[in-house]
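Since the structure comes first, as structure tokens, the remarks are kept for the end.
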Amino acid sequence: ELLGIPYTVFEHRPEPGGTWTINRYPDVRVDTISITYEFSFEKNYRWEEYFGRGAEVRKYLDHISKKYGVHPNTRFSHDVKKATWDDARNVWVLQVETPNGLETFEANVIVNAVGTFANPNFPKFEGREDFEGEILHPARWPEDFDATGKRIAIIGNGSTGVQLLAPIAADAEQVFVFQRTPQWISPRDKYGKPVEPEVRWLLDNFPGYWHWWRYMAIAALFGTHGFLIPDEEWQAKGGKFNPMNDKLRDDLTAYIKAQVGGRQDLIDKLIPGYAPFSRRPVVDNGWYQALTRDNVELVTDGIVRLTPKGIEAEDGTVYEVDVIVTATGFEVAKYLWPAEYIGKGGINVHDFWSKDGPRAYIGMMVPNFPNMFMIYGPNSQPLSGGTGLPVWYVLWSSYAAKCMVRMLEEGKSSVEVKAEAYERYNKALDEEASKLLLMQDYGAPDKNYYINQEFGRMQVNAPWYGPEFHRMCTQIEWNDIEIS
């Protein structure tokens, strides 16, 4: 839009917002404070709550889409099924499912912003077809669902499962929470609270206050990379990982004990054996306290099968339920899936990735796929540093734009990462990842869905220290790029 380059956005949903239009389960909201979970170019948006609810996030994204001219250039309910690179003409040929059927479009450049959380993970339980009740996934939540008087099982205790429990437990007759792996769940100041009128007045009348607040909201997180670096000397003296991480573990353990009122039966099931900060932090939405309700039971035995009336656990107990909520997340290793992308020489990107999982150069480019960029691609989510993802979306978009501009200014028609640079970058990435908590035994990589379990490698995160990754994403190494 800013560069005056003609573009079209294909959005498979009927409205702006992507995953925020899909996830509409009870109390869905951001768990990163909204003043940092927003685009840097839109100043002082009037968030109603400190952590915006799903509906407010959709409203914000609709506002951005219309204010900055993207909405008129978006074709809604258009789902890209296949994109094929035409070697002779240096263009992409796209097959797109539209309200009028399958149509063909052409583009000089593709920027993929389909994201990581696009394909829900539907668990394949034995007996699923026999269950007589309702099975729901949070990404397919029915608008008219009413939990009142029902017996409900919630499978999963990640961010979504934790957000769901309290509002469902308030209405349901009985809730069984099935936990496979305990989580380090932490509080957030002002979570679920409205922005007070006096704070709103400060934001409206003192521009410097907004800048100060936005900075301070992440400043405390600048040093979080320290949680991930092992301290062998500390461990030799009896420490578990390093002083920072061990202190966080003590603090969160105390929080868990306080939230459940010292109930040892729950404490024994809730405190993880792995280190905190080894996976994405989960924010408490009253989850621990909800477990102490008379109508809530925590189940830690594995699920054997579904029966016509409920769930059979490993100890033989059958939990009779009317509804099963599978808060089991997304298949985060399925980048660009299920669409097909056919690059140079007829190679399919999914075949190209079959050796050891999806990879990219700085999370954005893949050799043999010219003029194709990814926003929030493989190994792109920063592990630390505090800066919200929307700021990174802008940086990655700018990277793609710089490559396009250079290609256009040189009168060329193709821009592609060199295979050697792609291999070198990913080798360095794996080496850096191996040094961090996530890939070490104390970080329980076998229980982390951000780790590609098939190939035993970091899949979602960029292992670099935040400022170093920022440098990579803003200072293009032109020797790694081929423009022709």
Side-chain angles (χ1 to χ4, degrees), residues 85 87 109-112 116 225 228-230 332-333 335-336 341-385 392-393 395-407 410 412 414-440 445 450-484:
W85 176 252
D87 282 311
V109 177
I110 292 178
V111 180
N112 266 303
T116 301
H225 207 73
L228 306 170
I229 309 297
V332 297
Y335 286 91
L336 305 185
Y341 290 85
I342 312 299
K344 291 163 66 174
I347 187 170
N348 188 312
V349 72
H350 302 298
D351 292 333
F352 185 78
W353 283 336
S354 63
K355 181 180 72 171
D356 55 2
R359 292 182 179 270
Y361 174 77
I362 318 185
M364 288 182 272
M365 303 175 76
V366 181
N368 298 310
F369 293 85
N371 298 10
M372 187 179 87
F373 301 88
M374 288 178 286
I375 307 299
Y376 203 8
N379 294 109
S380 64
Q381 180 168 308
L383 263 179
S384 58
W392 290 97
Y393 300 156
L395 292 177
W396 297 326
S397 301
S398 299
Y399 187 102
K402 290 174 184 176
C403 289
M404 280 187 267
V405 166
R406 181 132 174 181
M407 178 184 73
E410 292 185 5
K412 306 293 179 61
S414 172
V415 57
E416 178 185 0
V417 64
K418 296 176 182 177
E420 180 274 332
Y422 170 89
E423 296 292 346
R424 184 183 70 246
Y425 174 82
N426 279 283
K427 181 181 179 181
L429 184 148
D430 288 344
E431 290 177 356
E432 188 68 19
S434 69
K435 305 173 187 176
L436 303 180
L437 170 63
L438 280 76
M439 297 302 297
Q440 300 183 14
Y450 276 10
I451 304 299
N452 190 313
Q453 297 300 326
E454 182 179 359
F455 299 107
R457 55 172 296 269
M458 191 178 288
Q459 181 64 80
V460 174
N461 295 109
W464 320 105
Y465 179 48
E468 174 62 12
F469 189 52
H470 178 272
R471 182 196 63 76
M472 294 179 185
C473 295
T474 54
Q475 299 177 21
I476 299 177
E477 298 287 348
W478 291 109
N479 289 333
D480 290 349
I481 308 296
E482 182 176 0
I483 299 178
S484 60

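What you see below is based on every heavy atom in this structure, not just the backbone, and it leaves out hydrogens, waters and symmetry mates. Numbers for residues simply follow the sequence, beginning at 1.
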Within the 4.5 Å heavy-atom criterion, are Tyr335 and Val349 side-chain neighbours or not?
no
Can you tell me how far NE2 of His225 sits from CD of Glu468, rounded to the nearest 0.5 angstrom?
10.5 Å
Heavy-atom nearest pair, Glu416 first then Asn368, reads OE2-N, 2.6 Å
How far apart are the closest heavy atoms of Trp396 and Ser380, and which atoms are they?
CZ2-O, 3.1 Å
To the nearest 0.5 angstrom, please state how far the OH atom of Tyr361 sits from the CE atom of Met472.
9.0 Å
Whether Arg359 and Glu423 form a salt bridge (side-chain N of Lys/Arg under 4.0 Å from carboxylate O of Asp/Glu) is what I want to check.
no
Testing the basics here: between Ile481 and Ile476, what is the closest heavy-atom pair and its distance to 0.1 Å?
CG1-CG2, 4.2 Å
Geometric class of the Tyr422/Phe352 ring pair [parallel <30°, tilted 30-60°, perpendicular >60°]:
tilted
Side chain to side chain, Ile362 and Asp480, heavy atoms closer than 4.5 Å:
no
Please round to the nearest 0.5 Å and tell me the distance separating atom CG of Asn379 and atom CH2 of Trp464.
9.5 Å
Taking Asn426 for its side chain and Ala360 for its backbone only, find out whether a donor-acceptor pair lies under 3.5 Å.
yes
Value rounded to 0.5 Å, distance of CZ in Phe369 from CD1 in Ile342
7.0 Å
Among residues two or more places apart or on two chains, list those pairs meeting salt bridge (Lys or Arg N to Asp or Glu O under 4.0 Å) that have a residue in residues 451-465.
Asp430-Arg457
Which donor-acceptor pairs under 3.5 Å do the side chains of residues 370-377 make with protein atoms, sequence neighbours left out?
unit_1, atom_1, unit_2, atom_2, d
Asn371, OD1, Val415, N, 2.7
Asn371, ND2, Asn108, O, 2.8
Asn371, ND2, Ser413, O, 3.0
Tyr376, OH, Gln381, OE1, 2.2

Donor-acceptor contact below 3.5 Å, side chain Asn452 vs main chain Met458:
no
In terms of heavy-atom contacts, Pro367 and Ala419 come closest through CB-CA, 4.0 Å
Any idea how Trp353 and His350 line up, ring-wise: parallel (<30°), tilted (30 to 60°), or perpendicular (>60°)?
perpendicular
If we ignore hydrogens and angles and just use 3.5 Å, is the side chain of Gln475 paired with the main-chain N or O of His470 as donor and acceptor?
no
Considering all heavy atoms, the nearest Phe455-Lys355 contact:
CE2-O, 3.0 Å
Considering all heavy atoms of both residues, which atom of Trp392 and which atom of Cys473 are nearest to each other, and what is their separation?
CZ3-SG, 4.1 Å
What is the distance from atom CG of Asn461 to atom CG of Leu436, rounded to the nearest 0.5 Å?
9.5 Å
First locate atom NZ of Lys412, then atom CD of Glu482, and finally report the distance between them rounded to the nearest 0.5 Å.
9.5 Å
Using atom types as modelled and distance alone, determine if a side-chain donor or acceptor of Lys418 lies under 3.5 Å from a backbone N or O of Asn479.
yes
List the steps, then state whether side chain to side chain donor-acceptor pair (under 3.5 Å) holds for Asn112 with Tyr341.
CA-CA 11 Å; Asn112 266 303; Tyr341 290 85; 2.9 Å; yes
